[in-house]
Amino acid sequence: MNNPRPCYLQIAIDTPLNAVFDYRWQCDPAERPQVGQLALVSFARREVVGLIVGVVDETDVPVEKLKDALAVRSQLAPLSAQWLALAGFAADYYQRPLGEVALPGLPKNLRVLTTVALDRALKKLTKLDAPHDPTPSNMPVLNPQQQIAADAIGGAQGFKPTLLYGVTGSGKTEVYLQACAQVLAREPDGQILILVPEINLTPQLEGNIRARFPGVMLATLHSSLSEGERMLHWLAAHQGKARIVLGTRLAILSSLPHLKLIVIDEEHDPSYKQQEGLRYSARDLAVWRAWQLQIPIVLGSATPSLESWHHAQSGRYRKLELRERAVQNAVLPTVKLIDMERDKPNDGLTSHLVAAIRQRLERGEQSLLFLNRRGYAPVICCESCGWISECTRCTSFMVLHRPEHRLRCHHCSLEMRIPRHCPTCGNIDIQPLGRGTQRVEEGLQALFPEARILRIDADSTRKKGSAQEAFDTVHRGEVDILVGTQMVAKGHDFKRLTLVGIMNPDTALFSQDYRASERLFAQLMQVSGRAGRAGIPSEVLIQTRYPQHPLYGAVVHHDYDHFASALLEEREQAALPPYLFQALLRAEARELATAIEFLTLARDCMQHPGITINDPIPMSMTRVHNVDRAQLLVESPSRPALQAFLKEWMLTLREMKSRVKWSLEVDPLDI
Ligand code: ADP
Ligand code: ZN
Ligand code: ZN
């Protein structure tokens with residue numbers, strides 16, 4: 001070093017303290033670290049990796065308190081100013097310190113003390129020749145509606161949010177791929193980000209993309225990659241080598257220096273919302289990112305979220321429609337309601353549904369039975385004294401998992417053997433009540449002993465790779481009857497499926513949550529959409545006790561438009577989102593009273609004109625894992641007003657230094 005001089009690095013660290021910390025760094029003025037680089041520092045008696053957000057000549061920190069940074073990761077190109085702005089926006093909007101947003105957004109291997117993993121990945125990448133031939137292969141001819149959509153998206157310049165509203169099976173994927181082809185051909189370095197809601201949907205799309213663009217590097221980013229893979233893929237995107245990045249919600253924070261198009265598939269899906277920690281919406285961040293970069297973004301769905309539909313109606317988003325299924329002769333399935341009061345179910349199945357399954361078996365076609373409840377039975381009970389299997393730690397029940405001979409709480413993971421007799425009265429006759437996928441599977445096997453039945457749910461796919469194996473089995477035609485939860489309802493292109501049976505969706509009709517009907521409708525339309533995709537006539541049978549309910553009427557007529565418009569009107573009259581903006585403050589404590597007390601203090605600690613703060617209430621599932629939970633809903637018709645209030649409120653609450661554990665969620669989905 002010729003003339004080492006200190007400069008000061010302002011470093012964001014992953015800590016709940018809302019601050020950036022200054023460190024001293026001695027270096028040749030010509031080799032000053034850059035904003036967006038990572039640095040190793042000691043913080044609270046640990047060594048941690050932080051993100052440099054400023055490099056300055058002076059600091060207010062007194063000399064005796066100032067520490068030297070330990071190392072700067074100069075081998076990594078700095079994160080761009082745009083990326084920092086994205087992290088900064090997310091931090092601001094979701095009311096978190098920058099470090100808590102930016103650092104967890106990076107691969108873990110970048111945040112460890114040594115650079116061994118980083119150096120290894122960098123070396124691997126230099127050896128890897130990034131192919132650079134964006135020529136697509138085997139492009140199918142689009143139908144006229146698809147062509148219009150692909151051209152509109154692929155040819156768009158500037159910030160152009162587009163809602164691609166296409167019925168299930170209308171070939172939205174093909175539209176994305178051909179729009180991608182146009183962008184890749186036009187932009188020599190251009191990168192594209194494609195998000196899917198569920199990890200199980202990545203292999204199908206990954207296969208399509210690789211086959212279509214054999215000369216382009218694709219990187220995937222999702223939670224089932226090993227840390228080594230994640231690092232490699234992240235770096236490939238960061239260096240601009242990967243031209244297409246395909247991932248789940250976490251990929252929204254990937255570093256993409258030449259991003260030119262964003263695709264959000266199944267944009268309505270609640271999985272885009274992170275449900276713990278930083279509770280962000282990847283879809284909403286994606287729209288912001290597209291705006292920031294002034295690039296087009298496409299949000300695709302057969303059942304758009306009411307938020308996006310509202311934007312399309314008001315003209316903020318451009319709406320493109322695909323009204324027909326893409327495969328020749330493929331039409332939407334006929335949807336029928338089976339009145340369970342008339343056709344009493346036996347073992348959960350009405351005679352109509354059983355007959356329809358039998359018919360499919362005879363014809364060699366596949367059936368899907370959809371039931372959004374895993375396990376054997378949601379609860380077991382004693383008929384003589386009324387005991388039921390409640391979880392001792394949660395406000396919920398222990399679910400019977402018969403194949404594993406266990407009772408299991410799905411909320412705190414408490415497990416126990418199935419009791420031989422009633423714990424209260426000793427009665428040995430304890431019975432399962434209600435049914436989950438395991439019980440349906442068992443009933444079907446008894447009814448159709450020769451049928452090949454496969455259950456797909458979170459239990460059956462616990463092992464890595466087993467979900468993919470299961471879906472492949474279905475695609476190969478080695479399954480006659482598929483039983484599954486929402487895992488099978490989304491996105492999959494099952495070619496041989498001609499019957500969808502929906503077992504009992506009624507409970508969601510009467511939920512307290514105003515979003516329940518929107519969600520139920522989307523789910524029914526999506527699962528129905530798995531049938532009849534190859535041109536064979538198909539049907540959907542919905543078993544219900546309320547065949548007159550208008551929601552089912554809309555499903556029968558595949559009528560999203562009217563349903564959505566009616567729902568929007570209701571929301572407007574009731575002053576609910578998207579006409580109102582909300583945030584939820586949650587508190588947790590051993591005693592419910594403590595949590596409520598904290599929320600009451602929070603409610604009263606500040607003036608809040610223009611903001612409605614409701615009373616603190618226990619959460620609907622109050623106790624989880626021996627912790628009581630309560631919530632406080634904050635509302636305003638103005639987003640900026642709500643944001644301004646939240647900012648000050650958070651400062652005040654942090655000052656309170658309460659021992660109660662609390663967290664804020666902006667734009668909550670479950671209230
Ligand atoms: P969506 O995502 O809209 O539900 P997909 O993208 O899965 O629909 O497409 C449904 C099926 O239609 C796929 O099997 C796909 O290969 C086929 N497909 C899409 N576009 C065309 C086309 N232009 N011609 C023929 N088949 C097509
Ligand atoms: Zn009993
Ligand atoms: Zn529990």
Side-chain angles (χ1 to χ4, degrees), residues 138-150 164-179 194 196-197 201 204-205 207-209 211-212 263-269 298 300-304 320-333 379-399 407-416 419-431 475 489-497 525-535 621-627 629:
N138 302 324
M139 290 245 273
V141 179
L142 296 182
N143 64 39
Q145 288 184 333
Q146 282 178 309
Q147 192 65 55
I148 291 172
L164 180 62
Y165 166 50
V167 299
T168 53
S170 57
K172 292 185 283 294
T173 316
E174 204 46 60
V175 171
Y176 306 145
L177 291 178
Q178 301 214 12
I194 305 178
V196 290
L201 291 171
Q204 182 179 306
L205 193 51
N208 288 339
I209 297 171
R212 182 61 50 84
V263 176
I264 310 288
D265 193 20
E266 313 290 358
E267 68 88 29
H268 64 278
D269 199 296
V298 51
S301 177
T303 51
L320 298 171
E321 290 191 38
L322 306 176
R323 291 249 157 226
E324 254 114 60
R325 285 200 156 174
V327 170
Q328 252 209 330
N329 300 326
V331 288
L332 288 171
V379 58
I380 58 172
C381 68
C382 165
E383 294 191 350
S384 93
C385 77
W387 170 85
I388 43 178
S389 54
E390 284 174 319
C391 177
T392 51
R393 306 196 294 203
C394 309
T395 329
S396 74
F397 300 108
M398 301 286 287
V399 177
L407 292 179
R408 218 177 254 161
C409 172
H410 288 180
H411 302 282
C412 73
S413 309
L414 182 66
E415 279 204 22
M416 59 177 71
R420 283 171 203 280
H421 44 75
C422 169
T424 359
C425 76
N427 172 19
I428 52 165
D429 191 23
I430 40 182
Q431 294 295 334
H475 288 301
K490 315 173 177 181
H492 294 280
D493 195 24
F494 300 128
K495 289 280 193 286
R496 302 160 204 260
L497 196 74
M525 294 282 278
Q526 293 293 339
V527 67
S528 302
R530 297 316 109 208
R533 296 169 75 91
M621 184 180 297
T622 308
R623 179 166 275 256
V624 171
H625 215 312
N626 286 332
V627 173
R629 310 171 321 154

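Remember, it's a predicted structure, so these values are computed and weren't measured experimentally. Index from 1, following the sequence. Whatever order the structure lists them in is the order used to number ligands and atoms, beginning at 1.
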- N/O to N/O below 3.5 Å, does that happen between Lys495 and ligand 1? yes
- Message: Under 4.0 Å from a heavy atom of Val141: which atoms of ligand 1 are those, numbered in the order shown and with their elements?
- Response: 22 (C), 23 (N), 24 (N)
- Does even one non-hydrogen atom of Gly169 get within less than 4.0 Å of ligand 1? yes
- Message: Is a donor from one side chain sitting under 3.5 angstrom from an acceptor on the other, for Arg325 and Thr168?
- Response: yes
- Hey, what's the angle at the Zn ion (ligand 3) spanning SG (Cys409) and SG (Cys391), nearest 10 degrees? 110°
- Below 4.0 angstrom from a heavy atom of Thr173, which ligand 1 atoms are there? Numbered from 1 as shown, please. 2 (O), 5 (P), 6 (O), 7 (O)
- Message: Any N/O/S atom from Cys394 (main chain or side chain) under 2.8 Å of the Zn ion (ligand 3)?
- Response: yes
- Query: Do any heavy atoms of Ser170 fall under 4.0 Å from ligand 1?
  - Reply: yes
- Query: Do any nitrogen or oxygen atoms of Gly166 come within less than 3.5 Å of a nitrogen or oxygen of ligand 1?
  - Reply: no
- Does any N, O or S atom in His625 come within less than 2.8 Å of the Zn ion (ligand 3)? no
- Does a side-chain heavy-atom distance below 4.5 Å link Pro419 with Ile380? yes
- Message: Under 3.5 Å between any N/O of Thr168 and any N/O of ligand 1: does that happen in this structure?
- Response: no
- Item | Contact with ligand 1 for Arg325, non-hydrogen, under 4.0 angstrom | no
